[in-house]
Protein chains: 2
Amino acid sequence: MPESHYPEVRSLHLFSEMEDDNFRTLMRGSYVQNFPPQIDLIHEGESSDFLHIVLSGSVDLYAQWNNRETSIATVRPISTFILAATIRDAPYLMSARTLEKSGVALIPSQDVRDIFDIDAVFARAIVRELSQCYRGMVKSHKDMKLRTSLERLANYLLRQQTRAGGETTFELPTEKRRLASFLGMTPENLSRAFKGLRPYSVAVDGNRVTIADADDLKTLAKPSPLIDDYSS
Amino acid sequence: MPESHYPEVRSLHLFSEMEDDNFRTLMRGSYVQNFPPQIDLIHEGESSDFLHIVLSGSVDLYAQWNNRETSIATVRPISTFILAATIRDAPYLMSARTLEKSGVALIPSQDVRDIFDIDAVFARAIVRELSQCYRGMVKSHKDMKLRTSLERLANYLLRQQTRAGGETTFELPTEKRRLASFLGMTPENLSRAFKGLRPYSVAVDGNRVTIADADDLKTLAKPSPLIDDYSS
DNA sequence: TGCTCTGCTTGACATTTATCAATTCATGCG
DNA sequence: CGCATGAATTGATAAATGTCAAGCAGAGCA
């Protein structure tokens with residue numbers, strides 16, 4: 001990997017505190033690649049040869065079974081993905097594809113495991129990252145099992161509004177078909193769900209969403225930090 | 001905690017390799033308690049004061065939202081739960097209640113974090129445990145999003161059969177109402193789903209399930225190691 | 001034995017969600 | 001500009017799932 005990329009990788013929680021020698025060892029074996037949109041980076045079931053880091057663009061994590069497919073998460077810069085598979089040296093449970101033109105760093109899994117064994121600071125950082133991922137997954141699971149699709153959409157919109165700094169109007173960061181898959185519904189149903197939110201002051205025009213009265217929407221959505229706050 | 005319990009706790013992957021001094025420090029601050037059935041041990045939203053270890057009996061992890069409740073996992077001896085909350089010093093995302101009379105060890109979270117910071121072997125063991133939990137959660141999530149309730153039940157039964165050593169007939173380890181909640185359906189629907197599996201050689205009598213022809217059932221269930229193999 | 005409790009099952013019905021087909025809409029391109 | 005493409009929407013319908021109410025069955029107990 002060219003040294004010009006070191007600072008941005010180093011700025012990740014995962015790498016920011018570790019020994020410089022170990023960091024440089026990790027980087028030396030790695031490389032950065034640019035991918036066009038819609039390229040499969042990894043596929044579930046494969047063995048995990050590299051830890052991946054999204055440096056630019058965005059990557060969709062998804063899974064398939066019996067000819068069905070579902071989107072599980074979107075990874076945005078700068079974060080890692082499939083850390084758990086790398087650590088356990090186990091097969092990927094999810095596939096990953098670029099959503100747009102994206103830069104991805106690849107660090108050999110074996111190097112990660114080696115450094116993990118000798119750098120306690122790095123190991124602790126991994127624990128923090130993993131526990132965050134775990135809790136995120138628990139929250140998604142609760143969202144899925146406890147809410148109807150309309151409620152999931154309502155809460156999703158409120159989260160996006162927060163991400164957009166609380167603006168009344170904001171852009172959906174993703175295609176609607178993919179959003180539907182992420183929310184566990186069909187594109188047709190997502191369309192209807194948007195209409196179903198109109199009585200709660202939600203208006204949609206293309207990718208532009210307006211929530212005129214967030215408090216009104218919250219009476220339906222009933223957001224909870226134990227499901228919707230992805231920062232804790 | 002009485003020293004008589006040390007060996008069984010020590011036998012956990014999480015503790016088996018760590019420094020003896022550190023292990024004893026952890027144990028000294030801990031205690032063991034016996035609980036009757038249906039006792040709430042922790043409740044979601046509370047701060048995580050203790051890492052819990054199930055020594056005997058069984059514990060249900062569940063979550064609530066808006067007056068709805070769903071069962072997320074069952075913890076059986078000897079395993080820990082809510083490790084991620086302990087490590088992050090964050091609120092519990094799930095509640096836990098005893099399903100039967102159960103013995104539980106409680107280790108102060110602050111002690112776990114302290115030892116975690118000074119014992120690299122322990123930190124690594126935590127990583128392994130956490131990554132296992134994470135992958136388990138991903139699998140549950142895929143199960144939920146990619147399969148119908150009938151398919152989830154079919155695969156659940158095949159997993160239970162494996163757990164029971166592959167016997168044609170085995171016992172459900174849990175109440176049907178809780179199984180329904182775990183599988184993300186109502187008890188009524190679970191009843192109907194069992195009937196729906198009769199053409200696939202599944203017979204139910206109370207808690208006793210017979211799968212006459214597992215291959216037949218598999219044509220419906222299409223089990224996949226990337227969803228159903230909880231050991232990897 | 002009968003009683004009571006609780007969980008399970010069943011049936012009728014309502015709601016939610018998916019599927020299929022057709023149409024509209026936006027976008028890029030020759 | 002017109003056309004082709006793929007996404008989004010809409011309507012009609014079907015399938016899956018939930019809800020409500022009633023009945024059934026087994027466990028514990030007097």
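All chains are named by letter (A, B, ...) in the order of the sequence lines, taking the proteins before the strands, and each is independently numbered beginning at 1.
- The minimum heavy-atom distance linking A:Arg147 with A:Ala221 is given by the pair NH2-O, 4.3 Å.
- Not one side-chain nitrogen or oxygen of B:Asn189 sits closer than 4.0 Å to the OP1 or OP2 atom of D:dT17.
- The CE-C1' distance, from B:Met185 to D:dT19, rounds to 15 Å in whole Å.
- In this structure, NZ of B:Lys195 is placed 16 Å from P of C:dC8, rounded to the nearest angstrom.
- Between B:Leu226 and B:Lys142, the shortest heavy-atom contact is O-NZ, 3.2 Å.
- Here the C1' atom of nucleotide D:dA16 and the CE atom of B:Met144 are 12 Å apart, to the nearest Å.
- Here the options are A:Val9, A:Leu51, A:Ile107, A:Leu106, the test is side chain to side chain contact (heavy atoms under 4.5 Å, CB included), and the partner is A:Ser30; only A:Ile107 passes.
- Between B:Ser149 and D:dT17 there is a side-chain polar atom (N or O) within less than 4.0 angstrom of OP1 or OP2.
- Of the side-chain N and O atoms in B:Ser191, none sit less than 4.0 angstrom from OP1 or OP2 of C:dC8.
- Between A:Leu220 atom CG and C:dT16 atom P the separation is 11 Å, expressed in whole Å.
- We find that CZ of B:Arg198 is positioned 12 Å from C1' of C:dT10, with the value rounded to whole Å.
- Between A:Thr74 and A:Ser58, the shortest heavy-atom contact is CG2-CB, 4.3 Å.
- Following rounding to the nearest Å, B:Phe194 (CZ) and C:dG7 (C1') show an atom-to-atom distance of 14 Å.
- As a whole-Å value, the separation of B:Lys176 NZ from C:dT6 C1' is 14 Å.
- For B:Thr186, no side-chain nitrogen or oxygen approaches OP1 or OP2 of D:dT17 to under 4.0 Å.
- Of the candidates D:dG18, D:dA8, C:dC8, C:dC8 carries the atom nearest the B:Arg177 side chain, counting heavy atoms from C-beta on.
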What are the atom names and distances for every N/O pair under 3.5 Å that joins the protein to nucleotides 20-23 of chain C?
residue: C:dC20; atom: N4; partner: A:Glu188; partner atom: OE2; Å: 3.2

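- Considering every non-hydrogen atom in both B:Pro173 and B:Arg163, the closest pair reads CB-NH2, 4.3 Å.
- Side-chain atoms of B:Tyr134 and A:Arg88, non-hydrogen and from C-beta on, never get closer than 4.5 Å to each other.
- Residues B:Glu151 and A:Asn66 approach most closely at OE2-ND2, 4.2 Å, considering heavy atoms.
- Note: CG (B:Leu183) to P (D:dA16) measures 17 Å, nearest angstrom.
- Two residues, A:Asp205 and A:Gly184, neighbour DNA chain C, and the one matched to the more 5' nucleotide by heavy-atom proximity is A:Gly184.
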